[in-house]
Amino acid sequence: MTVLALTNARIVDPSQDIDTSGTLTIEDGRITSCGSDPVQLPDDAVRMDCSGKLVIPGLVDARVFVGEPGAEHRETIASVSRAAAAGGVTSLIMMPDTNPAIDNVALVEFVLRTAREQSSIHIHPSAALTKGLKGQELTEYGLLRDAGAVFLTDGRKSPSNALVMRRALTYARDFGLVVACETQDDALAAQGVMNEGLLASWLGLEGIPREAEIIPLERDLRLAQLTGVRYHAAKISTADSIEAIRVARSRGVDVTCGVSINHLSLNENDIGEYRTFFRLSPPLRSEDDRQAMIEGLRSGDLDIIVSSHDPQDVDTKRLPFADAADGAVGVETLLAAALRLHHNGEVPLMRIVDAMSTRPASIFGLEAGSLKPGAPADMAIVDLNEPWVVSEKQLHSRSKNTPFEDARFQGRVVRTLVAGKTVFEAT
Amino acid sequence: MVFPHRHLLGINGLTEMDIMYLLDRSDEAVKLSRRREKKTSSLRGLTHINLFFEASTRTQASFELAGKRLGADVMNMAVGNSSVKKGETLIDTAMTLNAMHPDILVVRHASAGACALLAQKVGCSVVNAGDGAHEHPTQALLDALTIRREKGRIARLTVAICGDVLHSRVARSNILLLNALGARVRVIAPSTLLPAGIHQMGAEVFHDMRQGLKDADVVMMLRLQRERMTGSFVPSVREYFRFFGLDADKLSHAKGDALVMHPGPMNRGVEIASEIADGPQSVIEAQVEMGVAVRMAVMETLMLSGDGRARP
């Protein structure tokens with residue numbers, strides 16, 4: 001097997017806390033050396049000059065909705081893998097919100113088999129916390145874990161019944177599984193479609209108060225403390241949610257949390273005149289909340305960034321705002337949108353890469369997120385400064401519901417490697 | 001003056017001058033409507049389609065009459081009981097109608113923003129006849145016309161809007177219009193029927209009718225939907241009427257010549273006592289007459305100036 005050498009690269013790897021220029025070598029799909037020390041390359045080594053380029057561990061996107069099985073017209077495992085590769089994402093965790101839901105071993109095996117055959121990147125299924133995502137009966141946590149499910153979640157929802165939740169967390173703890181929840185009190189959110197406030201009032205749209213997220217989150221944090229489970233608040237959107245997590249941590253609760261790139265990049269004003277591509281769950285909040293998310297990311301209170309990639313077709317988006325579906329695609333624009341935070345000096349590059357690669361890999365126990373010798377050679381080569389404009393026509397995803405249409409970005413993935421093989425190359 | 005808008009989707013976006021222009025034209029339309037011969041030919045040959053996804057006999061009839069008096073060919077689409085129930089989307093319906101080359105689409109829909117969405121997809125002028133809890137611009141214009149004809153002006157009048165502001169497109173359009181014309185706006189309602197951020201919407205907020213109505217020049221009552229008066233937003237009809245229904249005692253706190261208005265249809269004995277609705281201060285019937293005139297003025301204006309695509 002020949003050696004592949006990425007030379008003259010700027011290597012940023014949070015797992016080793018290095019930001020250096022040097023050479024990275026790959027052999028048999030694994031990294032053999034990485035750093036600024038001079039390397040003696042064999043004569044037949046394939047050299048790839050990465051002058052002016054950044055090399056980072058491949059991104060790990062811990063929250064991706066895929067339409068397969070059940071809604072293949074929106075996204076398949078094959079199409080999401082192409083989109084992910086183009087975004088520098090080399091591992092993604094697929095949500096169980098499919099039809100049928102991923103709530104049994106057969107579905108987990110279906111996803112893994114399909115991914116093996118059709119995906120160029122690593123796709124890990126998560127499994128339903130309750131049967132059919134209905135919030136009532138527990139699924140087979142042990143069997144699901146052994147089949148390859150990486151965490152438990154009820155996806156877009158979370159169980160409203162506190163007793164069901166307590167038992168789920170208790171049982172999951174025994175199997176060492178992380179439970180990831182997006183919290184929203186359905187009764188309090190009612191028919192709400194955007195953040196509650198002046199803007200929603202003028203638009204005549206029903207609002208969702210911040211408390212609809214915070215109240216069930218605080219309940220879950222109490223139950224996590226009671227049960228000792230590893231709890232992950234999958235997608236928070238308010239300053240008070242970060243505060244609740246900070247307090248829980250101080251009480252010793254084993255809790256991590258994530259934010260979607262949309263809630264770091266956009267706020268409720270982007271909805272403008274009823275633009276349904278900005279209809280998300282949780283809803284886009286105020287600018288103050290967005291700033292709090294950025295501050296949380298910088299301080300590390302907020303652990304990870306996810307794309308929350310959620311493909312929707314015209315049949316669910318080209319509707320009046322109140323009737324449209326939630327969600328936005330994002331796996332392909334995740335890195336570029338996050339790099340805005342680096343370019344405008346809000347969050348250091350190391351922390352951004354950590355939040356999208358090293359941290360999620362460690363929280364969910366994936367062999368990813370590192371450029372250490374011995375690690376799988378999954379990485380993204382990035383031109384940190386290349387300007388580009390998002391166009392839906394260029395997106396690899398089957399669905400085009402991006403909130404970043406026509407957005408100007410700086411920084412683009414030029415090549416993505418999985419196990420040392422190129423799975424995406426910018427043209 | 002050229003009216004620089006192709007559609008009328010809301011009061012938001014109109015300037016004071018735009019509004020005054022429409023009101024002046026409406027005064028002309030009132031004169032026309034009071035003649036024996038009520039028809040003109042200004043929209044002859046043009047097609048006006050009423051597209052009501054939500055049933056509303058009164059508003060639809062008002063638009064229909066307005067179109068007919070201007071000489072347009074008027075068609076009513078009762079969408080509520082046709083293809084929409086078979087799963088056709090709003091856009092599909094709009095595109096189908098668009099292919100028939102209408103000149104004006106008058107649209108009512110239960111969802112906020114539906115008219116704006118539709119306006120992006122069709123080639124003709126769109127008039128919002130009410131979209132969810134967003135706007136109902138012709139109602140606000142007819143209210144303003146009624147007030148101006150009775151009081152001679154709108155600036156510096158104190159107007160109290162009472163009742164279910166939360167769900168009311170009429171309230172939003174009126175708050176915008178009255179502020180644009182320099183009136184002092186108050187809202188009076190229990191907090192469960194007020195939207196978040198109401199304090200920043202250009203209205204002084206009251207929860208007590210007697211305080212809120214004090215020295216008011218105009219009292220605008222809003223309709224309270226039946227399903228909202230039995231425990232979900234207010235506990236009961238009798239409690240609501242007691243504290244927020246307009247009766248002689250509460251009205252006595254307003255100025256002696258205060259106008260009483262209601263967009264209709266009224267719930268007598270819920271938000272307004274019959275004796276007040278039919279009393280000397282009520283201009284509720286005048287509002288209906290002004291409705292036709294305002295809609296004539298709006299459609300004529302959109303067709304004759306619009307975005308510069310002057311029509312013969």
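Side chains included, hydrogens not; waters and symmetry mates left out as well; all remaining heavy atoms used.
Residues satisfying the ring-ring contact (aromatic ring centres under 6.0 Å, His included) test with Phe278(A), not counting sequence neighbours, are none.
Annotation for Arg219(A): atom CZ counts as buried by contact number, over 12 foreign heavy atoms lying within 6.0 Å. Within 6.0 Å of atom CZ in Arg246(A), more than 12 heavy atoms from other residues, nucleotides or ligands are found, so the atom counts as buried in its surroundings.
There is no contact between Leu118(B) and chain A, counting heavy-atom distances below 4.5 Å. Looking at His199(B), neither its backbone nor its side chain comes within 4.5 Å of chain A, counting heavy atoms on both sides. If you measure heavy-atom distances from Arg172(B) to chain A, the contacts under 4.5 Å come from both the backbone and the side chain.
Residue Glu273(A) holds its CD atom at 11.5 Å from CG of Leu117(B), rounded to the nearest 0.5 Å.
The side chain to side chain contact (heavy atoms under 4.5 Å, CB included) test with His134(B) is passed by exactly one of Trp202(A), Tyr274(A), Phe321(A): Tyr274(A).
The choice from Gly197(B), Ala112(B), Pro195(B), Ala133(B) that makes the most heavy-atom pairs within less than 4.5 Å of chain A is Ala112(B). Per-residue counts of heavy-atom pairs under 4.5 Å with chain A were compared for Val165(B), Asp131(B), Ile91(B); the largest is that of Ile91(B).
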